[in-house]
Each structure stands twice: as C-alpha cells, then as structure tokens.
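This report refers to the structure that appears directly beneath it.
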Amino acid sequence: MPRAAARFRAAAPALARAVASASARATASASARAAAPSRAAAAARATALALAAVLSLTLTACGHTPAPSATAPPPTSTDDPRFQPLDAYDLSEDEADIVGRARWTLAKDCMAGLGFGTLRDLDVDPAPDWPRRPAQAGVFAAVMVASADARYGVTDPAEAARYGYRAPAVAYERRHPQRTWTLEEYLALAGPELPDDPRSVHGHRIPERGCLGQAQRRIYGEDPWGRKDPVWTLGAESLQQARRDPAWKRAERAWSACMREAGFHYATPTEAQEGRDRLEDEPAQATGPLDPDRPTPLEKRTAAADARCKQSSGYLRTVHAVDVRIQNTLVARHREELRDQRRYNEQAVRTARAVLEQHD
C-alpha cells in the first residue's frame, strides 16, 4: 500500500510549484507579519492548509506528542477504505523503504566525494526525511506528504482528536527522522534552486538535482522527476471523477447534516479540512501566540467530528465504493501503461537491493 515514502518521488514536481507559489506569498506578507503577529500566525497556518489536500498534505511538526502508528498491516478486504486497485502497480511500503535506503546510501557516497566526509556515518535505516532548505529571508519551504490513509481525509476519530488534520504528517516524521542541514549540505544534497545559489562546494561541481538526484538516476536509470507516473495521475483522475458521482454527492450531504448536528457548518469534508472559518475564530479564542505547526483545540474538535461523521453517516463506505469502481474502470483502460510502470518500479527495486548488498 503506498504511503508517504512511496509517493514522495511522484509528488516532487507538484511540490516545486507549490513552494514557488508559497514563496511569493510569504515574501509579500513579510511586513504584515511584523505588524500583526496573531493574524500572521493564522495566515501562516492558512498557507499550510492551502497546500493540504486529500492526496497531499503539508508536512508539519506536532511538537513532541507521540505520533500515530507510521505503519499498519495492509488491507485484507476490498471493503477496507485503504484498499485501492491502483496500488497493485505502485511501490509497496517495503519496496519504497528499500529504494529510500538505497537512495540515501548512494547520496552519502556522493556527499563524501564532495567533501562532506562526516556524512559517511549517516544512519539511513530508516531513511532520513527529505532534506529541507534552512530558513532564509523571503524563502518559504514545504514538504508534501501523500498518504493513501488520508485519501478521504481524516477517518480515525481518536487520531483526529489528538492531531487534528495532521496525523499523516506526524506519522511521516516518525518514520523518516528529521535532520537539520546547513545550506551548503542542503544544496549538495538537493541541488541549487535559486539564481544566486552556488553551483559547487569544496571545489567540486554539484550534480544535477544534487547527490539525491544523482542517486535517483542511478536507481531508476533516468531522472524519475521527468517521468509521468500513471498510478499518481490516474489516482487523481479517479478522485476527480468520483467527486462528480451522484452517490458521492449524496454522501457529502449526509456527512454535512451530521456535522451540523455536531455544531459545524461545512458542505464538504474539504471545507472542514481547509478550515477557512477557523482563521477568524482561532486568533480571537487564543490566549497566546498561535503556532502554525500545531493543531489548535478548535481544529482537533472539528477533525474529530469530521471523522465520526464519516463513519456514522456512511460517507466513508460510499465514497470508497465509488472510488474503487472508477479506479477499476481506469485500470482496465490503462492496463498496459500501468504494467509498464510496475516493471519500471520492479527494476528500480532490484537496483536498490543491489546497491544495499554492495554496501553491506
């Protein structure tokens, strides 16, 4: 079943566009942040939530609260909401872990060759979090986490009550330890991004897309960021079609009625997750500065009610059935393309295994 680690490769191009857009907003609002701290925190949180969607969630920290389980047994029934027909053509969680460890193993060697000898001892099991650019004036960075468990939004009331809408991000961070990188290390790993970024370190030219990009090319035999992933694109297409289905619309109305009974007024779960109304309510209710990286009590209450209503109204069961039906149709229509993707993934896993065996 694809998880954050399995999906990160496919999400990278969209991430670049999201970061570029968010960077412009962050730069434009710098003076507003200085003038209105509480509203600035809400605006920063709005940026994070705007990037969040059913298929991809902005990776945010939740302090030191114990994280939800990062792994779970694969679904054993087609009625399990985690079951997705497209998963048969994607990397499994174990395969994604192998590729991730091989990627970082190769990147360590590359970094040592660029003069970062201390990174030879970097622990890559589990694979570290994708590197994040150090904070700089006018630069906003985000990491997108795509989780199949969040395809229909929050569904576990207990997790929602504890983590709000951020459980997938918390689980990702638990599985992939964060590390603070210097700007020089980051650029060597991920490659130059801005016009003024240096193109070399310690007298060595940085590979295209950095050492991680070089590792990707070794594993996949090409630059995977330039390749269309049919699992990803068809998964998004399935959701787009499913949301227009009359059964999905009826499920949304039933969910909305349940939410009204709980005191929340949203037409769809997407509206509840985005929480634009909370941007006004939360600063007024706050007793201190708002932390854009932590769920507020109101977000937790909203998310918990959202998850309960998805269960009690039949929403989750209905939308999953619609989604599976459409995915099965798309799989039949694109079977050869999907089989090619599966072979592509299998070859990458074989190469990754060989890399790890060579480094034992």
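Excluded from the calculations below are hydrogen atoms, water molecules and symmetry mates; all remaining heavy atoms, backbone and side chain alike, are included. These numbers were taken from a predicted model, which means no experiment stands behind them. Throughout, numbering of the chain's residues begins at 1 and tracks the sequence.
Counting only N and O atoms by type, the side chains of Trp255 and Asp306 include a donor and acceptor under 3.5 Å apart. With hydrogens and angles left out, the side-chain atoms of Glu237 and Gln241 include a donor and acceptor closer than 3.5 Å. Using a 3.5 Å distance cut-off with no hydrogens or angles, the side chains of Asn345 and Tyr89 do not pair a donor with an acceptor. In this structure, a donor-acceptor pair under 3.5 Å is present between the side chains of Gln84 and Gln327. Counting only N and O atoms by type, the side chains of Asp129 and Tyr172 include a donor and acceptor under 3.5 Å apart. Between the side chains of Arg325 and Thr329, no donor-acceptor pair of N or O atoms lies under 3.5 Å.
One finds the CZ atom of Arg175 at 5.0 Å from the CG atom of Asp97 (value rounded to the nearest 0.5 Å). A distance of 10.5 Å separates CD of Glu274 from OH of Tyr266, quoted to the nearest 0.5 Å. Within the model, atoms CD1 of Ile219 and CD of Gln214 stand 11.0 Å from one another, a figure rounded to the nearest 0.5 Å. In this structure, the separation between CH2 on Trp104 and CG on Leu119 is 8.5 Å, given to the nearest 0.5 Å. In this structure, CZ on Arg218 lies 8.0 Å from OG1 on Thr351, to the nearest 0.5 angstrom.
For the pair Glu95 and Arg101, the salt-bridge criterion is not met [side-chain N within less than 4.0 Å of a carboxylate O]. A salt bridge does not link Lys300 to Glu159: none of the charged side-chain nitrogens sits closer than 4.0 Å to a carboxylate oxygen. Salt-bridge annotation for Glu252 and Arg243: absent, with no side-chain N of the basic residue lying under 4.0 Å from a carboxylate O of the acidic one.
The backbone N or O of Ala127 sits less than 3.5 Å from a side-chain atom of His176, completing a donor-acceptor pair.
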Would you sort out whether Leu338 and Leu234 count as a side chain to side chain contact (heavy atoms under 4.5 Å, CB included), showing the intermediate values?
CA-CA 10 Å; Leu338 288 165; Leu234 292 176; 4.0 Å; yes
Just do the salt bridge (charged side-chain N to carboxylate O under 4.0 Å, His left out) check on Glu173 and Arg132 with the steps written out, would you?
CA-CA 13 Å; Glu173 290 189 339; Arg132 308 186 198 185; 3.2 Å; yes
Would Arg166 and Glu299 satisfy salt bridge (charged side-chain N to carboxylate O under 4.0 Å, His left out), going step by step from the backbone distance to the final call?
CA-CA 10 Å; Arg166 305 158 196 243; Glu299 179 184 330; 2.8 Å; yes
Run Arg308 and Gln311 through side chain to side chain donor-acceptor pair (under 3.5 Å) and show every step you take.
CA-CA 5 Å; Arg308 285 194 298 270; Gln311 301 282 355; over 6 Å; no
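The two residues Ala272 and Arg278 have their closest heavy-atom pair at O-NH1, 2.8 Å.
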Exercise answer: donor-acceptor pairs, residues 182-193 side-chain atoms, under 3.5 Å, sequence neighbours excluded:
from	atom 1	to	atom 2	distance (Å)
Thr182	OG1	Glu185	N	3.1
Thr182	OG1	Glu185	OE1	3.4
Glu184	OE1	His202	NE2	3.4
Glu185	OE1	Thr182	N	3.0
Tyr186	OH	Glu193	OE1	3.3
Tyr186	OH	Glu193	OE2	2.5
Glu193	OE1	Arg133	NH1	2.9

Going by atom type alone, with no hydrogens or angles, which donor-acceptor pairs under 3.5 Å involve a side-chain atom of residues 352-360 and a protein atom two or more places apart or on another chain?
from	atom 1	to	atom 2	distance (Å)
His359	ND1	Val355	O	2.8
His359	NE2	Asp109	OD2	2.6

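Cation-pi geometry between Arg244 and Trp248 is not met at under 6.0 angstrom from the ring centre and within 45 degrees of the axis.
Each of Arg217, Arg227, Gln216 was checked for a side chain to side chain contact (heavy atoms under 4.5 Å, CB included) with Glu222, and the lone residue meeting it is Arg227.
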